[in-house]
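Scroll down for the structure; my scribbles are underneath it.
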Amino acid sequence: MDTSFEIYYLIILITISAIAVLAVQVWSRRPGKGVLAFVVLSFALIEWATMSVLELYSTDLSTKYFLTQLSYIGIVLVPASWFWFTLEYTDRIRWLNRHTLMLLAIHPIFVLIIVATNPLHHLHWISVTLDMSQPHPVAIFDRGILFWVHTAYAYLILLVSTILFVRTFLKLRGIYRRQIALLLVSQFAPWIGNFLYLAGLSPLPDFMDLTPIAFSITGIAAGWSLLQYRLMDVMPIARDMVFDGIDEIVFVLNTNLQIVDMNRPGLQMLRRTSNEVIGRTATDVFVDQADILKEYAGVERADAEIEVTLEGKPLWFRLKITPLNAQNGDIIGRVVMLQNITQLKEINRALEDARDEAVRARAEAEEHSRLKSEFLSTMSHELRTPLNAIEGFTSIMLSGMGVELSPKAEDMVKRVSANSKRLLHLINDFLDLSRIESGRLELIKEPISPGQLARKWQSEVSVLAEEKGLDFIVTIDPELPETVIEDDDALSKITVNLLSNAFKFTHKGHVSLDMQRDDDKWKIIVSDTGIGVPVHAREYIFDEFRQVDGSSKRLYGGTGLGLSLVQKLSRAMGGNVVLKSELGEGSTFTVTLPLVLPEETTQGVGQ
């Protein structure tokens, strides 16, 4: 036998073996993009090459003719399956709808029918003869019009596939562009092989078809590319999803936990190139993170915080895993995103430390406040005892009991009595504030008469009105019940403090006390025509020890505790106090309290 036959047989055997091995390897990666298309392509190439070898090996014309007809099963499937593979591989799977598949099926079916019925019409082969002049009998096929139509269609399919690969090549970068480049170069093999065979320029004898060998080169290149770069499942759609501009670390895993793609921040973190990472398993790349990989190896979705140690430095990441699905819903991979939250963790830790420190500081402040309140309470009690004695003795002396005072001595005793009363009033204010702040204020709520209280307050402060020549107006709403449930002492402290302030800061005009009902509440309103409160002072007028004029040369005396006591007592009673004032025109303080009535409410005071 001619050595050219032996060479041809050897080449075919090698290509068949290589294609078969690659098909088995690729099939083991299912499911995945292009897997089924590549396996169909491999089957077609093997069938075509096998039938071609058997046809050459046979000696009689009828067997050669029959084997050539069988070879067309592979011949017509190769362009269709390659186009199918191209659509899936370049992420144009949406083109593979029912209409496209029907169009792709028309040509193979039509050609197979024509080839099978050729003896009836001779449109594919005009004639077939057996050439005995060669060292081995060779079938000579005189090609008809439909043979050239089939060839043109196959060329068109290859051209469209090449264009799609070129467009994909222009979109991708790095390792992906090299992969597409390999497929593009290999695609020219069937063009060249078929052209040399049809033009009679083949280095082998004219009857030895180079096309299956050339197409096998393309198939081997595709399979090798897929296995070498390990991008079967998700390439090339990964690059469209993962881009280098994103700040987070992003990489794509296929179903075998192989890294399909990784963006630039991820490579920078690992201090590796894409060639050192792409195609390797996650366990090979993230050697020090075996526990984390084991925990999330089979997880399709995740959103968690993980701690990673890199180069001895602990880092915190927010881990997000999202499944990557094929068009049919099958999971073909996972997109893993790692957001570095180490700095955020450090900030949160600092905030937690600051919060704990604030809690400790607050506890210390509350303890200091408690100690202050206890101190004020203790001192108030201690000071009240001698002051009460002073007040008692001065009263006895002023009444003429036991001692007769000269006019000068009597004036001095009166001054002592007035100042002791003032000091006792101040101490009582301190004591009340300390009780409120320490939570030890006990309100004794009992039936009281607003009318009687108003008359008592009028009697207590009328001397102030007489001293300054001011009118003192008291009005009571007739709708206000004659009896309400409230703390008599607290109400008196609130009202007397407000009235004392009103008389202190009013030089002409009047001071008024108005008691009104407001649905389920009632109000104590103290108004004056005094100097008013400046706008800036209204924000702190109710603070302890705060006065409008806090200088040492102020015109009006006082400790600044009166209004603070009014506000705290009002709130302790379930109400509030509101100030309205116009500078130079006067002020109005309105205390609003809940209206609590006895079980049997009497008629209004004014009726």
Side-chain angles (χ1 to χ4, degrees), residues 25 28-33 35 173-176 179 226-326 329-353 355:
Q25 291 293 320
S28 67
R29 304 295 180 86
R30 67 187 187 281
K33 276 188 180 298
V35 170
R173 292 178 294 172
I175 188 172
Y176 310 106
Q179 184 185 15
L226 295 172
L227 295 178
Q228 174 66 21
Y229 295 111
R230 301 180 184 181
L231 307 178
M232 171 59 70
D233 291 341
V234 293
M235 175 57 207
I237 60 174
R239 175 52 63 182
D240 295 333
M241 298 182 60
V242 183
F243 50 97
D244 292 332
I246 194 170
D247 293 332
E248 288 77 13
I249 298 166
V250 183
F251 57 93
V252 181
L253 298 175
N254 64 10
T255 53
N256 295 324
L257 293 183
Q258 294 164 331
I259 297 178
V260 170
D261 198 7
M262 180 177 287
N263 66 346
R264 186 173 292 113
L267 296 174
Q268 291 174 346
M269 181 194 70
L270 295 174
R271 296 182 180 179
R272 297 187 185 181
T273 64
S274 60
N275 290 334
E276 295 173 326
V277 173
I278 304 293
R280 299 181 62 188
T281 62
T283 52
D284 291 338
V285 176
F286 301 100
V287 179
D288 298 332
Q289 317 304 329
D291 294 339
I292 296 176
L293 291 174
K294 182 178 179 181
E295 181 179 356
Y296 292 97
V299 177
E300 294 181 4
R301 289 184 180 273
D303 190 347
E305 293 182 359
I306 60 174
E307 185 178 11
V308 175
T309 301
L310 291 177
E311 298 180 354
K313 182 180 179 181
L315 299 174
W316 279 92
F317 291 92
R318 182 184 179 187
L319 169 68
K320 293 194 71 175
I321 300 176
T322 306
L324 196 58
N325 299 96
D330 293 337
I331 295 178
I332 59 174
R334 287 174 292 170
V335 178
V336 182
M337 178 178 291
L338 292 171
Q339 181 183 11
N340 193 334
I341 58 172
T342 304
Q343 187 176 6
L344 180 62
K345 278 284 187 179
E346 293 174 352
I347 293 174
N348 288 339
R349 191 178 297 111
L351 290 175
E352 290 177 0
D353 293 341
R355 183 190 63 187

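This is a predicted model, so every value here is computed, not measured.
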Give the minimum heavy-atom separation between [X] and [Y], together with the two atoms involved.
X	Y	result
Arg334	Ala297	NH2-O, 2.9 Å
Val335	Val250	CG1-CG1, 3.9 Å
Asp284	Arg272	O-NH1, 4.3 Å
Ala282	Leu253	CB-CD2, 4.2 Å

Taking side chain to side chain donor-acceptor pair (under 3.5 Å) as the test, write out the residues that go with Asp291, two or more places apart.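 Side chain to side chain donor-acceptor pair (under 3.5 Å) check on Asp291 returns nothing, list empty.
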[X] vs [Y] side-chain heavy atoms within contact, under 4.5 Å:
X	Y	value
Leu257	Thr283	no
Ile249	Asn340	no
Arg280	Ile259	no

Distance, nearest 0.5 Å, that separates [atom1] of [X] from [atom2] of [Y]:
X	Y	atom1	atom2	answer
Thr342	Trp316	OG1	CH2	9.5 Å
Phe251	Asp261	CZ	CG	11.5 Å
Phe317	Met269	CZ	CE	5.5 Å
Met337	Asn263	CE	CG	8.5 Å
Leu351	Glu346	CG	CD	12.0 Å
Met262	Glu276	CE	CD	11.5 Å

Could you check whether Lys345 pairs with Glu307 (Lys NZ or Arg NE/NH1/NH2 to Asp/Glu carboxylate O, under 4.0 Å)?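 Salt bridge between Lys345 and Glu307, a charged N being under 4.0 Å from a carboxylate O: no.
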Under the side-chain contact (heavy atoms from CB on, under 4.5 Å) rule, collect the residues that match up with Leu319, sequence neighbours excluded.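 Only Tyr296, Ile306, Ile321, Val336, Leu338 meet the side-chain contact (heavy atoms from CB on, under 4.5 Å) criterion with Leu319.
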By salt bridge (Lys or Arg N to Asp or Glu O under 4.0 Å), which residues pair with Arg349, not counting sequence neighbours?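 Here no residue qualifies.
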Please check if atom CD in Gln268 has more than 12 non-hydrogen atoms from other residues, nucleotides or ligands closer than 6.0 Å.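 Above 12, so yes.
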With no hydrogens and no angle check, is any side-chain donor or acceptor of Asn254 less than 3.5 Å from a backbone partner on Asn256?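 Such a contact is found between Asn254 side chain and Asn256 backbone.
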